[in-house]
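Data block below; observations after.
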Amino acid sequence: MARGRIRDEDIERLREQVDIVEVISDYVQLKKAGRLFKGLCPFHDEKTPSFMVDPAKQLYHCFGCGEGGNVFTFLRKKEGLEFREAAERLASRAGFTLRYQGVSREAAGAESRRTRLYRVNQWAADAYHRVLTEGETGRNAREYLASRGIGEEAVRQFRLGYAPARWDFLYRQALRSGFEAADFLAVGLGLQGEKGTYDRFRDRVIFPIHDLQDRVIAFGGRAMGQAQPKYLNSPETAIYVKSRHLYALNLARREIVSRGYAVLVEGYTDVICLWQAGVRNAVATLGTALGEEHLRLLSRLTQKVILAFDADRAGIGASERGLDFYGDFDLDLRVMLLSEGMDPADFVAAEGPQGFLERVEQSVPLVDFCVEKALREHDPADTNSRLRGVRRAVHLVAGLGRDIDHERYVKEIADWAGSSYQAVYELYDRARGRGPGVAAAERSIAVPPQLRAERELLRLLLHHPYMINRVRDGLDPALFEDVDSRNILQALLEAPADLQGDAADGRGSGGGAPGSAAESSGRGGESLVSLAVDTLQSERARNVATALIFDESGNLDNMGADEAFAMYNDLLASLKEFYFERQIRRLKKELETLSSAPHRDHEREQELSEEIYALERLKRQVR
């Protein structure tokens, strides 16, 4: 029979017993601010906290949207409850017994439809749990869970259950328990067929799904054998929209607030195995892609979310979807890098909770992860692939919805491509809809990194010929791979040293801006460059040399001697690294061929391995 009106004195006593800060903390991360508590408003999106809670007056107010009231108002507004439902929820939480008086005509009617659906689900969860934990019917399911490392405590905590392999096991029990067929169908527990109503879940381990008020709103069923689909979930109903809920958030919310971050995984068993290992701030999406509502839920509790999805293509794709909402919430989204082929449950079983938490500490910002992945999928040594990689990474960074450290990402992309910062920034500007055409920038990026370094070093020497005598002994033409570049360098190195005159020591007079290093190159430097160009036999090499001479980009002529030598040393280090990389690749290819040969030459393999090791050590010592 429906209950009447709650007594006024009970409402007042309940109001005194309930802690408004504790209740609201289930939804919002509150921090002490003097005698008040402060947090992000749960009723509107904001990045600066303006939501205040007064524990003495048991009231709240948001200075951003104007919402305010007491603990009953909060629950009614947040959960869409009637006053009596909010009071009953708080009474249940506080262990307070409410008394009712009278029965109005409206109250004498049937319970609300939503309340009936919650009751059906709670009853079903209890029934499934009894089947799993009591008697012979649940034996196989108990053994299956034990084989997955899920113990009895977790079975009780998460109220796991088992749906027997019978067509109408639950439906018949529901009717005998007084529930209506319409409600059984409305919550998705049953399906309507030609021969009548039958159970949706059969021969499956059952994972009840709760909302933040610990009400059962849906179920997930996991097949134990080869049945498909492997996971079967409740359909969306009047009390369940999967994109608005996260598995186990009702259990994890306090730990999320306490630890200051949430771990977001993909599967029920991931959450449970992490919980067993002591990582109790983990939640999971419910068979749907990471979405706006998921992040909205978590942003009420924390400012940091660790995405710990499986280390496969699907898991990586799920992490990338976080970029769709980057900037919509004040969240530090980070990606935890798991070992390939592992999910969080596998990882914590192999490495333990400490190993898992270490990976949490090593998590990388979501943007960094996505940029690195975009570049990693392309080959910087191949012109077309390099251009595609730069375009993909640049558009990714340009498409983010809030201000980020774009200069750092542009520099990382440029370093990967072996290109100039300016060329990549022009593409970034264009992707933001602000810059001119991209043809020149893309042509610049298309130049291979090795060739770019060679040409930049030659351009430096041609504009600062006084440097040649100082670098002559330390610059090996073998570092140059391009024939034209090598020919130009040899022509410069073989030019008579006396042509430079005093310019070799940075003294003299001549062209260039006053006080610049170019001013010190003098006539001797100009004569050296002219003679070197004249001695080039290849017309193509001469054209390259003159193009470099007339290329005044980067304000090279006004560069001081110290800056010029710093640039030279950096370019020389790059060429040495490229050289060692070529030698290492050549030796590794030879070693691979020997390793797969029918008759192994172990002595030669050992020699190659030692040479590779030595070259790798030399490469590390370059910078």
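A quick note: this is a predicted structure, and the numbers were derived from the prediction, not measured.
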Salt bridge (charged side-chain N to carboxylate O under 4.0 Å, His left out) filter on Arg148, not counting sequence neighbours, yields none
To the nearest 0.5 Å, how far apart are CZ in Arg253 and CD1 in Ile256?
-> 10.0 Å
Residue pairs involving residues 267-286 (criterion side-chain hydrogen bond (donor to acceptor under 3.5 Å, both in side chains); sequence neighbours excluded) = Asn233-Tyr268
Could you tell me whether the side chains of Ser385 and Asp382 share a donor-acceptor contact shorter than 3.5 Å?
-> no
Search all heavy atoms of Leu298 against all heavy atoms of Ala262 and return the closest pair with its distance.
-> CD2-CB, 4.0 Å
Keeping to residues at least two apart or across chains, list the salt bridge (Lys or Arg N to Asp or Glu O under 4.0 Å) pairs with something in residues 483-495.
-> Asp484-Arg540
For Arg455 against Ser485, the heavy-atom pair lying closest together | NE-OG, 3.0 Å
Look at atom CD of Glu616 and say whether more than 12 heavy atoms of other residues, nucleotides or ligands are closer to it than 6.0 Å.
-> yes
Does the side chain of Asp482 reach to within under 4.5 Å of the side chain of Val544, using non-hydrogen atoms?
-> no
Residues forming a side chain to side chain donor-acceptor pair (under 3.5 Å) with Glu292, sequence neighbours excluded = Arg296
Is there a donor-acceptor pair closer than 3.5 Å between any side-chain N or O of Ser419 and the backbone N or O of Ala414?
-> no
Side-chain donor or acceptor of Ser538 paired with backbone N/O of Ala541 under 3.5 Å | yes
So, the side chain of Gln490 versus the backbone of Pro477: is there a donor-acceptor pair under 3.5 Å, distance only?
-> no
Ala350 and Met342: which non-hydrogen atoms are nearest, and at how many Å?
-> CB-CE, 3.9 Å
Looking at residues at least two apart in the chain, or sitting in another chain, which of them share a side chain to side chain donor-acceptor pair (under 3.5 Å) with Arg542?
-> none
What heavy-atom pair brings Ala564 and Leu460 nearest, and what distance separates the two atoms?
-> O-CD2, 3.5 Å
Glu539 atom CD, neighbour heavy-atom count above 12 within 6.0 Å = no
Chi angles and distances behind the side chain to side chain contact (heavy atoms under 4.5 Å, CB included) call for Val335, Phe309 = CA-CA 8 Å; Val335 178; Phe309 296 141; over 6 Å; no
Quick check: are there more than 12 heavy atoms from other residues, nucleotides or ligands sitting under 6.0 Å from CG of Asp534?
-> yes
Would you check, one step at a time, whether the test side chain to side chain contact (heavy atoms under 4.5 Å, CB included) holds for Val279 with Val360?
-> CA-CA 11 Å; Val279 181; Val360 168; over 6 Å; no
Can you sort out the partners of Asp368 under side chain to side chain donor-acceptor pair (under 3.5 Å), two or more places apart, ordered by chain and number?
-> Arg408, Tyr409
Sequence neighbours left out, what passes side chain to side chain donor-acceptor pair (under 3.5 Å) with Asn569? Give chain and number order.
-> none
Minimum heavy-atom distance between Gln29 and Val257, given as atom pair plus value | NE2-O, 4.0 Å
Applying side chain to side chain contact (heavy atoms under 4.5 Å, CB included), run through Asp343 and Leu338 and close with a yes or a no.
-> CA-CA 7 Å; Asp343 58 25; Leu338 294 171; 5.5 Å; no
At what distance, to the nearest 0.5 angstrom, does CD1 of Ile488 lie from CZ of Phe480?
-> 9.0 Å
Do Glu377 and Arg392 sit within salt-bridge range, that is, some charged N less than 4.0 Å from a carboxylate O?
-> no
Tell me, do Gln606 and Glu610 make a side-chain contact under 4.5 Å, heavy atoms counted?
-> yes
Among all residues two or more places apart in sequence or in another chain, which pass the ring-ring contact (aromatic ring centres under 6.0 Å, His included) test with Tyr421?
-> Tyr425
Here the gap from Leu556 atom CG to Glu563 atom CD, rounded to the nearest 0.5 Å, amounts to 9.0 Å
Side chains of Leu591 and Glu605 in contact at under 4.5 Å (non-hydrogen atoms) | yes
With Thr288 via side-chain contact (heavy atoms from CB on, under 4.5 Å) - residues at least two apart = Lys242, His294
Flag the pair Leu475 / Tyr568 as yes when at least one side-chain heavy-atom distance between them is below 4.5 Å, and no otherwise.
-> yes
Which heavy atom of Ala453 sits nearest a heavy atom of Leu575, and at what distance?
-> CB-CD2, 3.8 Å
Roughly how far apart are Asp557 CG and His464 NE2, rounded to 0.5 Å?
-> 6.0 Å
Quick one: does Ile306's side chain get under 4.5 Å of Arg334's, heavy atoms only?
-> yes
Pairwise side-chain contact, Leu531 with Thr535, heavy-atom cut-off 4.5 Å (strictly under) = yes
Would you check, one step at a time, whether the test side chain to side chain contact (heavy atoms under 4.5 Å, CB included) holds for Leu337 with Phe369?
-> CA-CA 9 Å; Leu337 304 176; Phe369 171 82; 3.7 Å; yes
side-chain hydrogen bond (donor to acceptor under 3.5 Å, both in side chains) contacts touching residues 578-591 (sequence neighbours left out) | Gln450-Arg582, Glu581-Lys619, Gln583-Arg586, Glu590-Arg604
Apply side-chain contact (heavy atoms from CB on, under 4.5 Å) to Ala146 and list each qualifying residue two or more places apart in sequence or on a separate chain.
-> none
Side-chain contact test, heavy atoms from C-beta onward, threshold under 4.5 Å: evaluate it for Asp405 versus Val367 and give yes or no.
-> no
Taking only residues at least two apart or on different chains, which pairs with a member in residues 348-361 satisfy side-chain hydrogen bond (donor to acceptor under 3.5 Å, both in side chains)?
-> none
Gap between atom CG of Leu479 and atom CZ of Phe578 - 0.5 Å precision = 11.5 Å
So CD1 of Ile272 and CD1 of Ile150: to nearest 0.5 Å the spacing works out to 4.5 Å
Contact check, side chains of Leu295 and Leu333, non-hydrogen atoms, under 4.5 Å | yes
